[in-house]
Participant: 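Here you go, one structure.
First the proteins, then the strands, lettered A, B, ... as listed; each starts at 1. What you see is a predicted model; the values in this text were computed from it and never measured. All values below come from the heavy atoms of this structure, side chains included, with hydrogens, waters and symmetry mates left out.
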Protein chains: 2
Amino acid sequence: MGVGDVSKRILLGRKLRSSQLGETLLPKRIALPVFASDALSSVAYAPDEVFIMLSLAGASMYVWSWKIALAVAVVMAAVIASYRQTVHAYPSGGGDYEVATVNLGRTAGTTVASALLVDYILTVAVSISSGAQYAASAIGPLSGHEATFAIVLVLLLTAMNLRGIRESGGFFAVPTYLFMVAIFAMVAFGLVEMLSGNLPAAESAKLTIVPDDRYEGALTTFGLLFLLARAFSSGCAALTGVEAISNGVPAFKRPKSKNAATTLLLLALIAITMMVSVIALAREMGVRMVDPADQGRLLDNGVPVGDTYDQHTVISQIARGVFHDFSPGFYLTVSITGVILVLAANTAFNGFPVLGSILARDGLAPRALGSRGDRLAYSNGIVFLAVMACILIWVFDAETTRLIQLYIVGVFVSFNLSQLGMIRHWTRELRTERNAAARRRMYRSRVINTIGLSFTGVVLVIILITKFLAGAWITLLAMAVFFVLMNGIRHHYDRVAEELAADEEDKVLPTRVHAIVLVSKLHKPTLRALAFAKATRPNALEGVYVATDPASTNALVKEWDDRNIDIPLKMLHSPYRELVRPIVQYATEIRKASPRGVVAVYIPEYVVGRWWEQLLHNQTALRLKGRLLFTPGVMVISVPYQLASSEAARERRMREDLRTRAGDLRTGRLRREDDRVGRRR
Amino acid sequence: MGVGDVSKRILLGRKLRSSQLGETLLPKRIALPVFASDALSSVAYAPDEVFIMLSLAGASMYVWSWKIALAVAVVMAAVIASYRQTVHAYPSGGGDYEVATVNLGRTAGTTVASALLVDYILTVAVSISSGAQYAASAIGPLSGHEATFAIVLVLLLTAMNLRGIRESGGFFAVPTYLFMVAIFAMVAFGLVEMLSGNLPAAESAKLTIVPDDRYEGALTTFGLLFLLARAFSSGCAALTGVEAISNGVPAFKRPKSKNAATTLLLLALIAITMMVSVIALAREMGVRMVDPADQGRLLDNGVPVGDTYDQHTVISQIARGVFHDFSPGFYLTVSITGVILVLAANTAFNGFPVLGSILARDGLAPRALGSRGDRLAYSNGIVFLAVMACILIWVFDAETTRLIQLYIVGVFVSFNLSQLGMIRHWTRELRTERNAAARRRMYRSRVINTIGLSFTGVVLVIILITKFLAGAWITLLAMAVFFVLMNGIRHHYDRVAEELAADEEDKVLPTRVHAIVLVSKLHKPTLRALAFAKATRPNALEGVYVATDPASTNALVKEWDDRNIDIPLKMLHSPYRELVRPIVQYATEIRKASPRGVVAVYIPEYVVGRWWEQLLHNQTALRLKGRLLFTPGVMVISVPYQLASSEAARERRMREDLRTRAGDLRTGRLRREDDRVGRRR
């Protein structure tokens, strides 16, 4: 058993180390990139959407672009200020779902959960679609195949997450900080060029834009307002992802709430600066963008550019212009933006299982999602997310402009319910709090949350008005489906819990235990099952054999006698080689003879390690167990006998247990680096 | 519990009746159609193949057709004479596999099994393809879509067999006898017309055939011989299915062997008469046929008929001619021929699971196939058969002429090994038999089998020579794959059996039983599991709870005290909501503390009835059981608690048990008609 010994030693070693699997709390400088990639990545597409929407009434409307940017920045500031309150109020992690459920009740919570589920799907679809556009702007041959490329990216991410990638702080920190550096360098470069009067025009600056039919001629005030509202609501895509930190407070270093709040503030400053400066710079450089589905409105010297024209994203146009004599700068900026978008999509892959486990705990999702380590459940979730995202990408041809119409409804639904919940929270706290300073802080927080709510409320209304027909209805429909599904699951669990509620009579002991050991052959597993059964000293014990043909029956009886087995052997006649039915019938009869007793059915099983071996063994045992479980008054005892090949499988499963799973980092569940190193020794 | 009572009464009623599910032995008049449909159906395509092969050297070769028919008839007579000996020697059912295994050993048996498996697939493919051609000759619009239609037919058959059709004698008797009547009526009609000089020419009589390039000019003797050999070996397709009766002897009325032998004789007479007379009549009527893939060789007034020409099967050409002024005769003949071909395919669907259960008994196939009632195993077999047949039909475009090249290799491999086995059998018997009369009979039987072997041996060589490149290699390859697979499975079972062989020390009782009851909540299932565990009076008993969060842990501890449960409760700490690993570890530790004891893990489970409820429950229990089985010294006890919804599922499963399954009729496993009627009362 040399190999067994070695493998056992490996296992024991591993087991020891597994106890070290502990919390690695994140310092601010690491927490920022971990939680910010989603929020920051939206600067890669939100400015584009503002320009595209304004272009409906022609390039002259671009004068509004930086005002819209400011409006978005104001909303973002209000939202982040609100979430700073949440972070203080819920140091154990106050996700929108949590806040809404605790303060507003089940229905609000379930609504938020539906919104978040839809949101995760859209985060993947939008980020990856945008990433594919960046890839296409850097790699020419990809143009026109963005959807295919995006789907390939999603599949790659899915494979990585199914396999289990070990996210670490560095995994996020390096690209996120690089992204910040790249964007700020680009902005600074542009600023220097502008001040020195050398700011080059964007590649699209020479183009003119024909207004859309609906916006031809002089705009009415209402028309103008509607247009600005549409542009504004598209720009609000920049707000997606800011709530991530409030979910992740427990992963922060102490003092958790304070650190989280500071990180939120940092995030706000960076995100707002980035967005406003990108939009301002784009405006200066004369970037021209229209809806890619409607490129006919873009004229070059009065001639439509046609479908072959490649409309590049705002950041790549700026980078190409600003870094005109330094092409590595362009490539670095564009590729790091692409990477950050993929990272943002990956956060959805991580968030989905975490949300699933929270929903499972509350009975809104299958309970199996709630425990760590159910690979199957995790995998199902990840595959579901990927499939839905791929469908969206395929249907909308990876056009960010069309996907964005679906995107932010969900985000703002959860913002609103969360703010409302926070107001309720403070009001409730104020009822009991007596300390004047604390009360003052609470009042202040409530005011901030109220301001936040008024902003997000207005934005939600604007979004619903301007985007409902453009795609938001799909999101609302999907949310409704999730809502109904989750309520159905909860209802089912409630019903079962009611049926299972204990009463006193359930403690009554069965009067007798009648044990039967199923015998198919007299081999080690059967002998072990007989021994185990005997060790439990039942009131009655017998071996049961289903006799399908006389020859093997006689052989068994002879061996039973030869081996001097002091347990009676019962024969069940089954001329047609049926196994399950005779046993179930016999168990039912025993139970009928003594209705207050219990029948213990011992099934010898041998455990094999390989999947194809599974197909060759125990199928009948499996079926039998399935059937016996439906028979009242029966308990089914599996007595395993481990074959040599099972050892390998056991090791494999132990390794599985220790594997990193999607969402581990964000819940503070990470192995320490030194442990990693230790293992290699 | 009114509904429960009613359903229980229904169940009890059913249980009573199920005991009546008994053997219905078949009289000869029913056994003939049950076992003959496959053999007789080949008259629908074998004559065609003879004409098509001969046409390679032009229509002048058709003079050989009836001589070839006679040669096939002689071989068939020899084979059937041989099988009559088998039927007497193996009254308990001597299929080719049985005979080869018993007399020639494992390898021969496995070879025959591989041949039979391939054969079943080809029976479906050939019969259904031919049936599709008949359908196309009666229903014009189907022409050109034979392959699609054939695949639809296979899928229909598959669905019927998965669902479980109740085959009865009548199911076979009516169409088989109708088929005989139709063919004989057609022949008689034709004979009368011929004698009165009114025999009409076949629709294709006016066509001329251009010889194939290879057969142009004067034929060499070798060339002629090769051509005749090819035509003969195609005609031998008529022999497929004659072995069916020797498998089914136990289903015959007593005296079983004698009745089976008589039925075989009848079958031979009918099949030979049919084939010879159909070929003779076709020759008289001037039927012209070429390979449908090569219709360019068919000229109408010197002009190729082209691809649009519909070449009809021999029987439909004869029927159209003979019944020229009585079109119902034509339609009846053609449609009953189509039906008989579908019936023939259905016999393969029935034979496959029966063969599977025999192979499983001998350890050549997964053991689960061996017991009746494993729906999943049966279904997998049926689906496998259907998929393989569909692939063949699709690849060969439902052209019987090309499929036939693959078909009869397998049949003749098993014929040969079976004959060889019979010779061995008689030789062995003669060694012990002293009775002179019996010895004489044995000598005679051995002579007959030797003659049979010499015939089938020659035919096999002819088939291999003439068809190897035309497709027989595919069959041989498939046989090799099955052979290797079955040997691998056997090897695995042998190895496991060796590992499991019992020795004395296996009887040693465990020194103590340490029972742990897994507690997730204090509901009825848990209380029941605690009660059951207590009833088995283990040496140590404790409840085990995996504590994932303090709130629910405290709630549970409180309830545990409130309910005065006199069993200690052990807490396992699991901050990351892992459930499986802590429990497995705890069980391992207990076992380590007392290595000669056994750990009994009680898992409370609640049993639900609907598939989606399964998804919502017990996933963790399932995973836990899977893991605990790999842990040495542990036994796993499922304590089921049946929820209301499980009752419906229990009834459903009981109904399943009583359902007819593919192959039931042939093994004499049939419910009586009066029982059917009784149930309706």
Side-chain angles (χ1 to χ4, degrees), chain A residues 357 366-368 370-374 489 492 496 499-502 506-510 513 522-525 527-528 531-532 534-538 576-581 598 605-607 615-616 619-620 623 625 627 629-630 632 635-640 642-644 646 649-650 653 657 669, chain B residues 357 366-368 370-374 489 492 496 499-502 506-510 513 522-525 527-528 531-532 534-538 576-581 598 605-607 615-616 619-620 623 625 627 629-630 632 635-640 642-644 646 649-650 653 657 669:
Chain A
S357 79
R367 246 175 237 153
S371 66
R372 185 180 186 263
D374 192 332
I489 290 174
H492 170 78
V496 168
E499 198 174 338
L500 294 181
D506 293 317
K507 277 172 68 180
V508 175
L509 288 196
V513 179
L522 255 190
H523 48 26
K524 282 173 188 282
L527 289 178
R528 175 178 288 185
F532 280 18
K534 212 167 161 186
T536 65
R537 282 164 295 150
Y576 297 126
R577 307 183 63 80
E578 288 172 291
L579 291 175
V580 174
R581 211 152 54 94
V598 54
E605 284 182 47
Y606 29 101
V607 182
L615 293 181
L616 296 178
Q619 298 298 318
T620 309
R623 204 150 41 87
K625 276 193 273 184
R627 282 293 297 280
L629 291 183
F630 282 89
M635 59 181 175
V636 183
I637 297 109
S638 302
V639 182
Q642 290 85 11
L643 285 176
S646 73
R650 198 158 83 108
R653 282 166 195 228
D657 274 352
R669 190 190 286 148
Chain B
S357 80
R367 247 177 235 151
S371 66
R372 183 177 188 262
D374 193 332
I489 290 175
H492 170 78
V496 168
E499 198 173 337
L500 293 182
D506 293 317
K507 278 171 68 182
V508 175
L509 287 197
V513 180
L522 256 189
H523 48 26
K524 282 174 188 279
L527 290 178
R528 174 177 290 186
F532 280 18
K534 212 167 161 187
T536 65
R537 282 161 298 150
Y576 297 124
R577 307 184 63 80
E578 287 172 291
L579 292 175
V580 174
R581 210 151 54 93
V598 53
E605 285 181 46
Y606 29 101
V607 183
L615 294 181
L616 297 178
Q619 297 296 319
T620 308
R623 205 150 40 87
K625 276 195 272 184
R627 280 296 296 281
L629 290 183
F630 282 89
M635 60 181 173
V636 183
I637 297 107
S638 303
V639 182
Q642 290 84 11
L643 286 176
S646 73
R650 197 156 84 107
R653 282 166 194 227
D657 275 351
R669 193 189 282 147

Participant: Which heavy-atom pair separates B:M635 from A:P640 by the least distance, and what is that distance?
Facilitator: CA-CD, 4.1 Å

Participant: Quick one: which of B:A535, B:P538, B:S638 has the most heavy-atom pairs under 4.5 Å with chain A, could you say?
Facilitator: B:S638

Participant: Based on non-hydrogen pairs under 4.5 Å, which of B:I489, B:V639, B:V598, B:L522 is most in contact with chain A?
Facilitator: B:V598

Participant: Might you work through the side-chain contact (heavy atoms from CB on, under 4.5 Å) test for B:V636 and A:I637, ending with a clear yes or no?
Facilitator: CA-CA 5 Å; B:V636 183; A:I637 297 109; over 6 Å; no

Participant: Between the main-chain N or O of B:T536 and the side-chain N or O of A:R537, is there a donor-acceptor pair closer than 3.5 Å?
Facilitator: no

Participant: If you measure from NZ on B:K524 to CD on A:E499, what distance do you get to the nearest 0.5 Å?
Facilitator: 9.0 Å

Participant: Could you pull out the closest heavy-atom pair between B:L629 and A:Q642, with the gap in Å?
Facilitator: O-NE2, 2.7 Å

